[in-house]
Colleague: 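Pasting a structure here, questions to come.
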Amino acid sequence: MGVSFGVMVVLLSGMVSEHLYSQRIRQDSFSVEKLATGIAPLYQSAAADSLTEELNEAAGELGGRLLLLDVNGKVQLDTYATLNGARVQTPEVLSVLMEGQSAAYGVHSLGEDHAEAPASGVAGSQVAYCAALVMGTRGPLGALLYVSSTDEMVASLEQFQMRALTVLGGTALVVLI
């Protein structure tokens, strides 16, 4: 009986985990794609001050870091102001710039080589990258990359798993008694 409760906890936590990750991907992708569409005219007209203000405000609201890249993956604007001029080639950026996807999302551990540069300054051991294509009137202008920590979500999942184990373990004990 204890084994069946354990299997239930594993299955239930897997379903909750999948739901939370899917929800996070949808939310981040929607926000970043909407922002990429909104800043495209500013980027195309080279309105640097307005673009900087817009991205800094959005980064604060989203709770992460935003990088605006040109079509070659070179950072034109970094809300942390540390990677300006650097080239970023995360899988998500490459999917948007090279493969023509409108958006791409991925979660990376900070120990992965490709994840360290854009994630520097973002608190957490795991980060999410969400890249969206920035389109101008004449075609692609570049990509917008949103970098955020996933540690809070992972901690919530671990807390849920512990609570579920406690409740189901208590229930199993009551049933056995």
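As the structure is a prediction and not an experimental result, all values here were calculated from the model.
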Colleague: So, for Y43 and L69, which heavy atoms are closest and what is the spacing to 0.1 Å?
Modeller: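 Distance-wise, the nearest heavy atoms are OH-O, 3.5 Å.
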Colleague: Looking at C130 and S29, what are the two nearest heavy atoms and their distance?
Modeller: SG-CA, 3.6 Å
Colleague: Within a 6.0 Å radius of atom CD on E53, are there more than 12 heavy atoms belonging to other residues, nucleotides or ligands?
Modeller: no
Colleague: Cut-off 3.5 Å, side chains only: do Y105 and D28 have a donor facing an acceptor?
Modeller: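 There is such a pair (donor and acceptor under 3.5 Å, judged by atom type) between the side chains of Y105 and D28.
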Colleague: Taking all non-hydrogen atoms of both residues, which atom of S50 and which atom of L42 are closest, and how far apart?
Modeller: CB-CD2, 3.9 Å
Colleague: Begin with the C-alpha distance, continue with both residues' side-chain angles, and end with the deciding distance and a verdict on side chain to side chain contact (heavy atoms under 4.5 Å, CB included) for V96 and L145.
Modeller: CA-CA 10 Å; V96 168; L145 178 64; over 6 Å; no
Colleague: If two hydrophobic side chains count as joined below 4.5 Å and joins carry through other members, does V147 share a cluster with L97?
Modeller: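 Same cluster.
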Colleague: For a quick test of reading the model, state the closest non-hydrogen atom pair linking L62 to Y146 and the distance between them.
Modeller: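 In this case the closest contact between L62 and Y146 is O-OH, 2.7 Å.
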Colleague: Between L77 and Y80, is there a shared hydrophobic cluster once you connect ILVMFWY residues whose side-chain heavy atoms come closer than 4.5 Å?
Modeller: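 Shared cluster, no.
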Colleague: Among the clusters formed by ILVMFWY side chains lying less than 4.5 Å apart, do L141 and L66 turn up in the same one?
Modeller: yes
Colleague: So, taking the atom named CD1 in I39 and the one named CG in L68, what distance separates them when rounded to the nearest 0.5 Å?
Modeller: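 Those atoms lie 4.5 Å apart.
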Colleague: Can you hop from L67 to Y129 via hydrophobic side chains spaced under 4.5 Å?
Modeller: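 Yes: a chain of side-chain contacts under 4.5 Å links L67 to Y129.
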Colleague: Measure across A104 and E92 and return the closest heavy-atom pair with its distance rounded to 0.1 Å.
Modeller: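 Looking at all heavy atoms of both residues, the shortest contact is CB-O, 3.6 Å.
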Colleague: Ignoring hydrogens and angles, tell me if any N or O in the side chain of Q44 forms a donor-acceptor pair with the backbone of T137 under 3.5 Å.
Modeller: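 The answer is yes, because a donor-acceptor pair under 3.5 Å joins these two groups.
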Colleague: Enumerate the side chain to side chain donor-acceptor pair (under 3.5 Å) contacts for residues 66-79, please, sequence neighbours excluded, ordered by first and then second residue.
Modeller: R65-D78, D70-Q76, D78-T82
Colleague: Quick one: do L133 and L35 end up in the same hydrophobic cluster if we chain Ile, Leu, Val, Met, Phe, Trp and Tyr together by side-chain heavy atoms under 4.5 Å apart?
Modeller: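 L133 does not cluster with L35.
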Colleague: List the atom of R24, the atom of S149, and the distance in Å for their closest heavy-atom pair.
Modeller: NH2-O, 3.1 Å
